[in-house]
Amino acid sequence: MDPEQQGRTVWQGRIGDSPLRVDMLPSGRIFATWNVRGNERRAVLETIQQLEQRVLFQLMLGAGPQEDTVARQVIAAVQEGQLGLPDPTQAPAQIKRKKKNVRRGPPRSRRRR
């Protein structure tokens, strides 16, 4: 991640056996990184609801219901970290630019008739 886009860490710890780190980006988005069975996962999310659905739900399946209080701590830390940051859901949509028609791979040979 670029140094200009790095946010501040609002929560870092473990849910079950998986380490989780949650950062707030200057844009107001949530950046989460975690490891599941040695594979690093990353997600950039706009809302706490997306964090719950995409990250915490996945980690809670492996951890069990006893880690529910930890999930609530993560949500509370994100809510506190969002204070003073812009709301990413209210940001104007990014303009998608049309990609040039670039062929990948070796050039095709021409068929002769």
Go through it in stages, so that I can follow the logic: the residues are Leu85 and Leu25, the test is side chain to side chain contact (heavy atoms under 4.5 Å, CB included), and I'd like the CA-CA distance, side-chain angles, deciding distance and then a yes or no.
CA-CA 9 Å; Leu85 293 176; Leu25 301 177; over 6 Å; no
Do the non-hydrogen side-chain atoms of [X] and [Y] ever get within less than 4.5 Å of each other?
X	Y	result
Ile75	Glu52	yes
Val78	Trp11	no
Ile30	Gln82	yes

Just how far is it from atom CD of Gln79 to atom CG of Leu51, taken to the nearest 0.5 Å?
10.5 Å
Working to the nearest 0.5 angstrom, can you tell me the gap between Arg29 CZ and Gln50 CD?
9.5 Å
Return yes if some donor-acceptor pair links the side-chain N/O of Gln66 with the main-chain N/O of Ala63 below 3.5 Å, else return no.
yes
Donor-acceptor pair, side chain of Arg8 and main chain of Gly81, under 3.5 angstrom
yes
So which atom in [X] and which in [Y] form the shortest heavy-atom distance, rounded to 0.1 Å?
X	Y	answer
Trp34	Arg54	CZ2-O, 4.4 Å
Met60	Ala71	SD-CB, 4.0 Å
Val10	Ala77	O-CB, 3.5 Å

Checking side-chain polar atoms at under 3.5 Å, does Ser18 have a donor or acceptor matched by the opposite partner on Asn35?
no
Check whether more than 12 heavy atoms from other residues, nucleotides or ligands sit under 6.0 Å from atom CD of Gln73, and answer yes or no.
yes
Using the rule that Ile, Leu, Val, Met, Phe, Trp and Tyr join whenever any side-chain heavy atoms are under 4.5 Å apart, tell me whether Val36 and Ile15 fall into a single cluster.
yes
